[in-house]
Amino acid sequence: MSENEPLGIIGVGWVGLVSAVCFAELGHPIKAVDIDAEKVALLREGSTPIHEPRLDELLERNRDRILFTTEISEALEAARLLFCCVDTPPTYSGDADLSRVREVVANLRGDGEHALVMKSTVPVGTGASIVRGLAGLPYVSCPEFLKEGSAIDDFMNPDRVVIGAATDDAWAADAVAAAYAPLGAALVRTDVASAEMVKLASNAFLATKISFINEIANVSEEVGADVAEVARGMGLDERIGAAFLRPGIGFGGSCFPKDISALKLLAGNSGYHFQLLNAVIEVNELQKRRVIGKLTKHLGSLAGKRVALLGLAFKPDTDDMREASSLVLAARLEGEGASVSGYDPVAAATAAELLPGVELADTVEAALEGADAAVLVTEWPEFAHLDWALLGAKMANPLLVDGRNFLDPDVLRAAGFAYEGIGRPAAALGDAEPIGTADRGT
Ligand code: UGA
């Protein structure tokens, strides 16, 4: 196979677009297909529809190598490997919606000339079911592990590349392995079902780590331990590892909540009750709501109070708000009778659609004006360098709940704030000056 084998990418969402620009950067001519004509037109002009570091730069540099089109036939003509990157959102039942995957398959013939390379996250058994429906279709499961916000770096420096295929489809698996070879990553060659399971199990395990450290944080609050110290001590054990031990107000995004629910249902449908995942999901839901308790501890009833949400995206460096903790929090606060303001450096447009009741501000300062409390929801780097004394003076009451343990409690307290973190020694009541007596002039 030539080093620069043309590749077809079907679906240019987060995974598809990042894969397209990165494979182009590695020298492959790309036919990138999407049914959304507007998105295709935008990409042809060189604009990207998502906020992702380095994406614009890579697209610009590789524009000559990538053809964006709405016609799957163009990809079929040019490439033998078709990377399926369409989304698989959750249905009402929590199962993955595979209708877009099926639409892609409907365009293929089992002529053995084209291989379908599944990068979309799908339930275990999807590959087998596709091949049953279209005999003779070479099929490779090649799950994607990139994170939004660092997607390009993750694609270019993967911890491993997982390639699952039946023995008969070895040529296709070899071709996929060759496309990834320049990245020098560990390669896991396996069967299709195991590759599908690696993806779901990895996301479920990472989510379990988060819910676990969140529970340790909650207990630490009760017993006077500092979860940051606990996580540091735990993470140095190589068997545990330091990653994904950051406590907070719950995980969100388009992947963890959906994939855990899909794995739980997959297990249930096969007759196995996956108990641990139920707890992981429940802990995550309760974690988002614990902020309310921290606010009422200081403010009493939230009715008529004003609360500012700092950061609305589900995590920094993305404008994605799918399953963001801010959505649950805003709804709970509104339910308690509070008015809610919000600020996010990049997710404002998405937030305007999803949070109609929230007064969106253009600056942190404007969001905090007259607020009785602020909640740091997303750890945007710019929040690390704010003048908290100045901002506290704008608020009706300088109380901050740091939902990501992102800020230095000493700095906040020196600036006159009552500071509440997650699993950190809690603020005593009255740490801040009581409402109405704060010196507004300085
Ligand atoms: C996740 C996985 O990390 C990727 O490997 C996977 O490819 C992707 O899902 C997917 O299935 O497509 P992503 O959803 O982009 O990636 O975001 P993460 O950085 O993993 O964060 C997920 C959530 O966990 C965020 O809400 C984040 O704030 C939260 N988190 C993460 C914590 O609360 N604590 C941590 O220690 C780490």
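What you see below is based on every heavy atom in this structure, not just the backbone, and it leaves out hydrogens, waters and symmetry mates. When a ligand or atom number is given, it counts from 1 through the structure's own listing order. When a residue number appears, it is its place in the shown sequence, counting from 1.
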Donor-acceptor contact present, side-chain D402 to main-chain I422, <3.5 Å: no
Distance, nearest 0.5 Å, that separates CD of E420 from CZ of R290: 10.5 Å
Proximal ligand 1 atoms for F145, defined as those under 4.0 Å from one of its heavy atoms: 4 (C), 5 (O), 6 (C), 7 (O)
Qualifying residue for side-chain contact (heavy atoms from CB on, under 4.5 Å) with V140, from D174, V192, I163: I163
No-hydrogen, no-angle side-chain donor-acceptor test under 3.5 Å, D153 and S150: no
Aromatic ring pairing W380/H51, orientation class (parallel under 30°, perpendicular over 60°, tilted between): perpendicular
Those atoms of ligand 1 less than 4.0 Å from some heavy atom in N203: 2 (C), 6 (C), 9 (O), 10 (C), 11 (O)
Residue portion contacting ligand 1 (non-hydrogen atoms closer than 4.0 Å) for R246: both
Option of least heavy-atom distance to atom 17 (O) of ligand 1 (set: K147, Q287, K315): K315
Test: E196 and K199 ion pair at under 4.0 Å: no
Min heavy-atom dist C255 to ligand 1 below 4.0 Å: yes
Nitrogen or oxygen of G252 less than 3.5 angstrom from that of ligand 1: yes
Any N/O pair E379/ligand 1 closer than 3.5 Å: no
I210-ligand 1 polar pair, N/O distance under 3.5 Å: no
L206 N/O to ligand 1 N/O under 3.5 Å: no
Side chain, backbone, both or neither: the part of K209 lying under 4.0 Å from ligand 1 by heavy atom: neither
CZ-OG1 distance between F256 and T208, expressed to the nearest 0.5 angstrom: 9.5 Å
Side chains of T121 and K258 in contact at under 4.5 Å (non-hydrogen atoms): yes
Where ligand 1 meets D259 - atom numbers and elements under 4.0 angstrom, heavy-atom basis: 11 (O)
Ligand 1 N/O within reach of E148 N/O, cut-off under 3.5 Å: yes
Structural part of W14 in contact with ligand 1, heavy atom criterion under 4.0 angstrom: neither
D56-T48 side chain donor-acceptor pair, cut-off 3.5 Å: yes
